[in-house]
Amino acid sequence: MKNKTWLQGALNIYLIEYALSAILRQKYKNFFILSIFTFLTFLLASVFFITNSIKYELASTLEALPQIIVQKIKAGRQDDIDVSALDEILSIAGVSDAVARVWGYYYFQNAGVNFTLMGVDEYENQYKNSLEKIVQKFDFNNEENIPSMIVGQGVKENMLRNYYKQYFNFIKSDGTLKKVNIAGVFDGDTQLESNDMIVMSKDEVREIFDIQQTKATDIIVKVANPEEINTIASKIRLMYPECRVITNQDLQVSYQNIFDYKSGIFLALFIVCLFTFFMIVYDKASGLSSEEKREIGILKAIGWRVDDVLKEKFYESFILSFFAYVLGIGFAFAFVYIFQAPLLRNIFIGYSELKTSFELPFVFDTQTLFLVFFLSVPIYVAATILPSWKVATLEADEVIR
Amino acid sequence: MIELKDVTKIYEVNKNESVRALSEINLKIKEGELVILKGSSGSGKSTILSLIAALSKPTSGEVLVDTKKISKLPDNFSSEYRRDNIGFVFQKYNLIPNLSVKENILLPLVPLNLDAQSMHQMSESVMQRFHIEHKQDVLVRNLSGGEQQRAAIARANINNPKIILADEPTANLDEKLSLHFIEMLRELKASNKTIVIATHDPLFFGLDFVDREIQVHNGSLVL
């Protein structure tokens with residue numbers, strides 16, 4: 001006999017061939033198991049992929065959040081804040097910058113969504129990089145003296161659907177219309193954050209929302225040392241007791257609460273998936289058919305050892321479950337990242353009335369792949385091997401009889 | 001040499017019921033001997049074969065093959081013992097119906113992980129010897145009784161065992177095929193194998209190449 005390589009010695013190709021033929025011999029039963037297994041892996045992986053994408057988006061959004069927001073509260077509701085507060089806030093030790101923001105949600109009735117109108121001033125420091133780039137790139141007051149705006153991708157799509165290609169007429173607080181040209185589309189740091197955003201000059205936003213020149217929607221405060229955010233927030237609270245001072249940590253909690261609520265729904269779905277999977281596994285583990293028992297008996301009778309039988313059963317169950325796993329993962333990739341998870345994403349992105357639709361970003365997470373693998377393949381393999389081991393350790397004569 | 005010493009075998013049917021298949025039997029079979037175990041159904045013939053093949057263990061007593069106590073072997077060692085020494089032709093052939101003849105014949109060699117050429121040579125040789133090579137790719141479930149028997153004999157001989165055991169080998173065959181089997185038995189005997197046949201078919205009685213006929217009755221040997 002010829003010398004074998006280490007791999008040939010370790011891997012018995014004939015056992016694998018036999019395992020494959022065993023799968024094909026019970027093709028209808030195994031096709032059913034493969035279909036169910038693939039579907040469950042697909043569902044499980046899709047949930048994880050969507051979760052990962054949203055988490056990625058949220059993490060990016062949270063990173064871009066202002067460190068401190070100062071809002072004026074009047075009779076329990078937010079009111080415009082005096083811009084004069086800026087100078088006093090800037091005088092607090094540790095504050096590196098403060099910007100008065102002029103912005104608001106504009107309800108676009110035709111699409112039933114809210115857009116975020118953000119005012120920028122080219123002579124001011126912008127509170128985040130994405131706005132800084134926009135200000136540098138676009139001229140909001142062109143030669144024709146018609147105001148213009150830069151819109152997020154989602155806004156652009158919504159406007160196009162409603163035949164606003166070049167401009168949009170905003171309804172002002174006095175009921176008159178304000179025409180603003182669409183100068184361009186921007187991609188923000190993250191889609192979740194910028195998809196519903198419209199950027200235009202502060203003056204236009206003031207005019208649409210009727211905000212006076214001495215007022216702003218809120219004030220953003222930058223702190224040089226992030227460790228001092230809470231201390232400076234406390235100082236601002238003392239200076240302006242009528243104001244609400246929100247730190248980025250407070251915002252993180254509220255964002256995550258929304259997300260955790262959604263993932264709770266998915267947790268329920270996930271449990272249903274697992275329950276179904278374990279029903280199959282239980283059925284598989286509860287015993288072999290008389291035909292399967294007889295086959296093990298025959299193999300033992302012609303000289304197969306218990307470990308030969310178990311190796312064959314391992315290959316058989318591993319091939320089937322790993323194939324189903326790969327198919328399930330492949331389908332989930334296509335479903336989530338190519339087709340953007342129709343039906344499922346609506347459960348996750350339930351706050352779409354506030355935020356317009358966005359693309360699920362591709363996030364490759366090996367941990368997720370391993371998690372889905374370990375939740376499915378080894379369990380199925382164990383459920384197949386266990387009853388086979390029980391039969392293989394019986395006397396061959398007893399099994400064949 | 002095969003030796004059964006004071007062997008008793010009791011099958012437990014359930015907690016309250018048991019069947020005594022063999023009662024303190026003693027038997028010696030020499031190397032190269034052809035022995036016919038004859039007797040009615042349920043007399044204990046098949047149990048003797050099963051004990052010699054280490055497919056089951058005696059309730060008491062010992063089974064020795066070449067002075068080795070095979071009745072005491074752990075499960076994996078008895079599998080190896082069967083693989084290296086025993087060719088068993090079962091009454092219902094115990095072939096896997098959805099595999100081809102060649103695949104069935106090669107089954108005992110699968111765990112050995114031999115190279116493809118050796119496997120091919122061994123299977124070709126044994127299929128030619130037992131005249132089943134023309135059916136090698138046919139699924140066993142599509143074979144006639146005689147062809148299934150030849151496939152079973154070929155499988156029993158693939159590992160060139162020194163002991164051949166056959167349990168009611170002609171029970172499912174007509175007279176012509178039974179006579180054909182007897183001719184194959186004669187060839188096997190000529191190759192100096194130790195052969196034990198359990199049968200109640202009269203065609204086997206009084207054959208010139210059979211060394212001994214032993215009557216089994218109610219779990220005992222009638223000497």
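Order of the sequence lines sets the chain letters (A, B, ...), proteins ahead of strands, with each chain counted from 1. This structure is a prediction, so every number in the text was calculated from the model and none was measured.
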Toward chain A, the part of [X] with a non-hydrogen atom under 4.5 Å:
X	answer
B/Phe90	side chain
B/Ala116	both
B/Ser56	both
B/Ile86	neither
B/Tyr11	side chain

Flag if over 12 foreign heavy atoms under 6.0 Å of [atom1], [X]:
X	atom1	result
B/Glu31	CD	no
B/Glu12	CD	yes
B/His120	NE2	no
A/Tyr337	OH	yes
B/Tyr81	OH	yes
A/Glu291	CD	no

Would a distance-only check, ignoring hydrogens and angles, find a side-chain to backbone donor-acceptor pair under 3.5 Å from [X] to [Y]?
X	Y	value
B/Arg82	A/Lys300	yes
A/Glu395	B/Lys57	yes
A/Asn12	B/Val110	yes
B/Asn94	A/Ile400	no
B/Ser79	A/Trp304	yes

Taking every non-hydrogen atom, the tightest pair across A/Thr393 and B/Asp75:
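Where A/Thr393 meets B/Asp75 most closely, the heavy atoms are O-OD1, 4.4 Å.
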Where do A/Val306 and B/Asn76 come nearest, in terms of heavy atoms and distance?
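Scanning both residues completely, I find the closest heavy atoms to be N-OD1, 3.0 Å.
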Enter the distance from B/Leu49:CG to A/Asp397:CG here, rounded to the nearest 0.5 Å.
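It comes to 10.0 Å.
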Please output the residues of residues 14-37 of chain A in contact with chain B, using a heavy-atom cutoff of under 4.5 Å, in numerical order.
A/Tyr14, A/Leu15, A/Tyr18, A/Ser21, A/Arg25
Would you mind reporting whether B/Arg155 and A/Ile298 have side-chain heavy atoms less than 4.5 Å apart?
yes
Do you know which of B/Gly87, B/Pro97, B/Pro111, B/Pro108 has the most heavy-atom pairs with chain A at a distance under 4.5 angstrom?
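Result: the option with the highest number of such pairs is B/Pro111.
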Decide yes or no on side-chain contact (heavy atoms from CB on, under 4.5 Å) for B/Leu99 and A/Glu295, but give the supporting numbers first.
CA-CA 12 Å; B/Leu99 289 182; A/Glu295 189 172 320; over 6 Å; no
